[in-house]
Amino acid sequence: MKTQFGHLEIHVDPANLPFYVELFAFLGWSSLYSTPEMLGVGDANGGSLWFAAHSNEGPTKDYDGPGVNHIAIKADSVAEVDSSVAYLGEHGVAALFETPRHRPEFTQDPNETYYQVMFESPDRILFEVVYTGPK
């Protein structure tokens, strides 16, 4: 058997769908489907994220508790991560956890780097834009 990532559905407040439309357009993802109730975006490898306007009031998210911790979007360079930081700042979205920064503890090769920015969407979904590769 050979499988691959298919899609992930994320429930959000319908008022926040424009945030995801703009963010994923900036990140270069394709729009697959867009209505006032649902947004589907696809990456270059056929994977997709679906933001469904069906959020209800639930408990406050504990990132280290059960469930999804974060969604990582792979960048091709440190410059792309830095460009994402600038985009987020222009949209009033704060970088979290002292990012952007290199994370040497996440790589075993001294010639490689793991460079990330972490941020939270208006629905408190934790995202990461990350470059891994040669320094």
**Prompt:** For Arg101 and Gln116, does a side-chain donor sit closer than 3.5 Å to a side-chain acceptor?
**Reply:** no
**Prompt:** Would you say the side-chain atoms of His11 and Glu9 include a donor-acceptor pair closer than 3.5 Å?
**Reply:** yes
**Message:** By the side-chain hydrogen bond (donor to acceptor under 3.5 Å, both in side chains) test, which pairs, at least two apart or in different chains, include something from residues 29-53?
**Reply:** Ser48-Trp50
**Asked** Do other residues, nucleotides or ligands put more than 12 heavy atoms under 6.0 Å from the CD atom of Glu98?
**Response** no
**Prompt:** Out of Val130, Leu23, Leu27, which residue meets the side-chain contact (heavy atoms from CB on, under 4.5 Å) rule with Ile73?
**Reply:** Leu27
Using a 3.5 Å distance criterion without hydrogens, assess whether the side chain of [X] forms a donor-acceptor pair with backbone atoms of [Y].
X	Y	answer
Lys74	Thr132	no
Asp123	Val12	no
Ser83	Ala79	no
Thr107	Pro104	no

Where is the tightest heavy-atom contact between [X] and [Y], given as atom of each residue plus distance?
X	Y	answer
Met118	Thr99	N-OG1, 3.0 Å
Pro134	Thr113	O-CG2, 4.2 Å
Lys135	Glu112	CE-O, 3.4 Å

**Message:** Could you check whether any side-chain heavy atom of His91 comes within less than 4.5 Å of a side-chain heavy atom of Phe19, counting everything from C-beta outward?
**Reply:** no
Are [X] and [Y] in one and the same hydrophobic cluster, where Ile, Leu, Val, Met, Phe, Trp and Tyr link if side-chain heavy atoms are under 4.5 Å apart?
X	Y	answer
Ile125	Met38	no
Tyr114	Leu126	no
Phe97	Phe106	no

**Complete:** Contacts of Phe51 meeting ring-ring contact (aromatic ring centres under 6.0 Å, His included) (sequence neighbours excluded), chain-then-number -> Tyr20, Phe24
**Prompt:** Is it true that Tyr115 and Tyr131 have ring centroids separated by less than 6.0 Å?
**Reply:** no
